[in-house]
Amino acid sequence: MKVMAEYIWMDGHDPTQKLRSKTKILNKKILSISELPNWSFDGSSTNQAEGNFSDCLLKPVWLCKDPIRGEDNILVMCEVMNADGSIHVSNTRAHLREVAEKFAKENAWFGIEQEYTFFEGRNPLGWPEGGYPAPQGPFYCGVGADEVFGREIVEDHLDVCLEAGLEVSGINAEVMPGQWEYQIGPLGPLEVADQMWISRWLLYRISEDYGVSATLHPKPVKGDWNGAGAHINFSTKSMRQKGGMKVIEDACEKLGKKHEEHIAVYGAHNEQRLTGKHETCSISQFRYAVSDRGASIRIPMQTANDGYGYLEDRRPSANVDPYQACAILIETTCS
Ligand code: ADP
Ligand code: MN
Ligand code: MN
Ligand code: MN
């Protein structure tokens, strides 16, 4: 019997790493990650090596069903290693692995809201050729062919994510027409980040079939249009228990002292999005507040009412690397 395993990895593209994948044919059904062999690729074609010393290694770290190929076929998330087996500089997961293990007793949970925008050619999907749709207002969570564009792709993507076993918690149409969101979580740090990368791969892959591309650019259309973010909802065990509100406020104080370090790993071109308009806080300020969508960190009303729960970091942009973002959130708030 033959099984198709799609090995997926992050390349060395600068400033935003992209996804790459290739198919390995195996001769037996795979039940666990340890059965999968390492593989190699040409790092000189992915900005991960020089041509004269070009081999990089793919180390399988997480797998799920391949909902597109079906049957026993699988999708495999990989870490990139140097030819000698050491960690490649582009491998951001390796650091999260260490952080997750070091702070395992905190039992951190993450729920990531992935916003994205469909493009057909040079225009966002559904936008009139060479022009603009009506101003923002009716599109968020809208219904009707004049309000939302691309729902058939969105539904297909949701189906394959669920079929793959990903922990999707919801979807919605966003403020700008052609823009959508899905959420993954709550899950632990490695789980949420691996699933986020696989769900992004599925989004690009499903969109191919429609001749449409999905972009994670934080400001896909300049001007008076909402950007695209990836809010990270975050909690530790002590935040979720009685008295958690105090732990959440302490965490916010710590986050304020490391604002620049966080912004540095929250996605490229984020300054175009974090303007202080369109439900964001300016990139040069840090504020936290209950129920405030214009703050850097929002504490949900429910959390304030209960006295425990979670916080929402609204700063990460749609193109954030969840490995880096989850690692720094744990390091800043739990140290
Ligand atoms: P918003 O109101 O900001 O649009 P969403 O409903 O889109 O929020 O996303 C909230 C995310 O937070 C979901 O993925 C949800 O699973 C996650 N979440 C809920 N509770 C927690 C928690 N205690 N810790 C971390 N994430 C959580
Ligand atoms: Mn949301
Ligand atoms: Mn949103
Ligand atoms: Mn949000």
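Keep in mind that what you see is a predicted model, and the values were worked out from it rather than measured. When a ligand or atom number is given, it counts from 1 through the structure's own listing order. Counting from 1, the numbers follow the sequence of the chain as shown.
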Determine which of the N, O or S atoms in [X] is closest to the Mn ion (ligand 3) and give its atom name.
X: Glu115; result: OE2
X: Glu174; result: OE2
X: Glu181; result: OE1

Counting distance only, does the side-chain N/O of Thr46 pair as donor-acceptor with the main-chain N or O of Gly43 below 3.5 Å?
yes
Side chains of Asn233 and Glu113: closer than 4.5 Å at any heavy-atom pair?
yes
Work out the angle at the Mn ion (ligand 4) between ND1 of His231 and OE2 of Glu312, rounded to 10°.
90°
Cation-pi geometry met for Lys22 and Trp39 (6.0 Å, 45°):
yes
Among His278, Arg314, His231, find the residue that satisfies the side chain to side chain contact (heavy atoms under 4.5 Å, CB included) test when tested with Arg293.
Arg314
Looking at Glu113, which of its N, O or S atoms is the nearest one to the Mn ion (ligand 2)?
OE1
Between Ser199 and Tyr182, is any side-chain donor less than 3.5 angstrom from a side-chain acceptor?
yes
